[in-house]
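Inspection log for the structure reproduced underneath, given as structure tokens.
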Amino acid sequence: MSVIADAFSAALDMIVRSDATLTEIALLSLRVSGTATLIAIAIALPLAAWVAQTRSRAREPIILLLNAAMALPPVIVGLVVYLLLSRSGPLGALGWLFTPSGMIFAQTILIAPIIAALARQTLEDANAEYRDLFTSLALTRTQRTKTLLFETRFSLLVLLLAGFGRAIAEVGAVMMVGGNIAGHTRVMTTSIALETSKGELALALALGIILLSIVLIVSGAAQLANAYLKRRYV
Amino acid sequence: MSDVLIQLQRVSVVANGADLLRDVNVSVRAGERIALLGANGAGKSTLLRVIHGLLAPTSGEVKTLSHLAQAMIFQRPVLLKRSVIDNVAFALVARGVAETAAKETARRVLAACGLDTFAERYARTLSGGEQQQLALARAWALTPRLLLADEPTASLAPAAVHAVESILRAQCDSGTTLVFATHNRGQAKRIATRILFLHEGRVVEDANGENFFASPKSIEAIEYLNVERA
């Protein structure tokens with residue numbers, strides 16, 4: 001019991017004095033997952049908006065793929081991205097393997113389908129509500145899409161935060177693609193796994209506390225956004 | 001026939017094996033106030049949707065005067081999650097009106113519809129009647145030559161019905177042609193100059209308001225009016 005108490009005390013001490021290693025790892029995690037979330041949004045929202053409005057034959061297969069991709073195991077994503085980015089792989093020339101860029105790439109693949117699938121459902125429901133109005137007002141496709149995204153902004157914000165939460169909590173893909181190199185590609189989750197296996201519980205616990213805090217803040221923000229939406233727009 | 005805004009020729013609509021409209025021939029002339037009457041499922045809403053272009057006919061032809069500005073309001077007002085004024089301005093901006101001018105017009109129209117005090121409120125917090133008034137204001141802002149209204153006062157309180165009817169009449173007085181579906185016979189009498197009575201997807205009677213209510217010709221219309229009276 002004292003081992004855990006000692007580790008916890010050391011962890012709090014590291015957080016309080018903003019330990020350099022701890023800060024570097026936390027900031028890299030935020031940078032990688034934040035960038036991956038932004039790129040995933042740029043890909044997922046237009047795709048979701050298109051699928052939500054189209055009557056194309058491709059619609060049902062795309063929905064099937066998106067829904068299936070929501071359950072993609074991170075290690076499978078890690079393996080595929082590793083193969084793509086490896087020197088002999090089709091994207092080997094980018095030189096992204098064992099770099100933060102490679103990790104961003106992997107996390108984007110992991111969370112873009114989640115955001116797209118959930119956003120598609122939200123946008124489709126909104127489209128069903130507004131379709132007649134949009135047609136009546138003779139809105140163009142672009143105007144419809146912009147309006148749908150604006151009208152669902154709070155619901156979408158919750159999805160985006162969920163996507164970020166999934167990215168920052170993920171360990172398998174970033175471990176395989178990033179290589180968990182100290183000072184270069186070591187993020188919170190991979191570091192926690194490594195430090196725990198080494199018995200360095202203080203750093204693992206400190207990172208765990210920060211990770212949990214971030215996840216709590218993200219969940220809290222999602223909850224607040226939802227509450228705000230319900231209060232303001234009934 | 002330059003005053004004909006819309007002409008439906010032998011229009012039929014079939015959906016999921018059901019005949020929603022059958023062989024409908026109707027012309028809408030400028031300045032008319034047409035009430036669509038009939039039981040539930042008679043085809044009133046379908047006819048409005050076909051006229052407005054929300055629904056393509058399965059067969060037949062809809063001839064529309066070129067560049068005919070038209071607007072439609074629905075039984076359940078479809079409002080955006082924005083303020084009252086932004087709901088009206090949105091429709092104008094979508095038509096290419098500059099934001100400032102759109103807001104100015106929106107304020108003027110809201111005042112005409114008795115909603116100016118609610119301009120900054122969020123649209124979805126309004127009462128049912130006020131929401132329908134807002135939908136009408138948004139339609140009015142577009143200065144349509146033809147306004148279509150699908151049971152605009154269904155399930156509204158009498159005061160709200162009065163408010164909505166006042167706006168409808170004001171729009172008609174400003175030169176807008178009106179086609180509306182209703183179950184409210186009194187409303188049809190108060191507003192309409194012409195009645196189209198539908199039964200099972202067919203227009204079985206097309207008469208001016210007074211004649212229709214005084215001496216309906218078709219058995220279906222007689223039965224409908226008797227049921228309504230009872």
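In what follows, chains are A, B, ... by sequence order, proteins preceding strands, each numbered from 1. Every value quoted in this text rests on a predicted model; they were computed, and no experiment measured them.
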For B:Gln75, the side chain to side chain contact (heavy atoms under 4.5 Å, CB included) test, sequence neighbours excluded, returns B:Glu151, B:Ala154
What are the two closest heavy atoms between B:Ala91 and A:Leu137, and how far apart are they? CB-CD2, 3.8 Å
How long is the gap from CG on A:Leu148 to CG on B:Leu80, to the nearest 0.5 Å? 10.0 Å
Side chain to side chain, A:Leu139 and B:Phe90, heavy atoms closer than 4.5 Å: yes
Kindly compute the distance separating CZ (B:Arg76) from CD (A:Glu129), expressed to the nearest 0.5 Å. 6.0 Å
Engaged part of B:Leu142 at the chain A interface, taking heavy atoms whose separation is under 4.5 Å: side chain
So OG of A:Ser155 and NZ of B:Lys81: to nearest 0.5 Å the spacing works out to 5.5 Å
Which residues satisfy the side chain to side chain contact (heavy atoms under 4.5 Å, CB included) test with A:Leu224, sequence neighbours excluded? none
Closest heavy-atom contact between A:Thr135 and B:Gly53? CG2-O, 4.3 Å
Using a 4.5 Å heavy-atom cutoff, which residues in residues 97-114 of chain B come close to chain A? none
B:Arg10, CZ: over 12 other non-hydrogen atoms inside 6.0 angstrom: no
What are the residues of residues 30-52 of chain B, in order of number, with any heavy atom under 4.5 angstrom from a heavy atom of chain A? B:Arg49, B:His52
Crowded around A:His184 NE2? As in, over 12 foreign heavy atoms under 6.0 Å? yes
What do you reckon, is CZ of A:Phe98 surrounded by more than 12 foreign heavy atoms closer than 6.0 Å? yes
Heavy-atom side-chain proximity of A:Asp132 to B:Val78 below 4.5 angstrom: no
Tell me if the CZ atom of A:Arg141 is crowded by more than 12 foreign heavy atoms within 6.0 Å. yes
Within a 6.0 Å radius of atom CD on B:Gln9, are there more than 12 heavy atoms belonging to other residues, nucleotides or ligands? yes
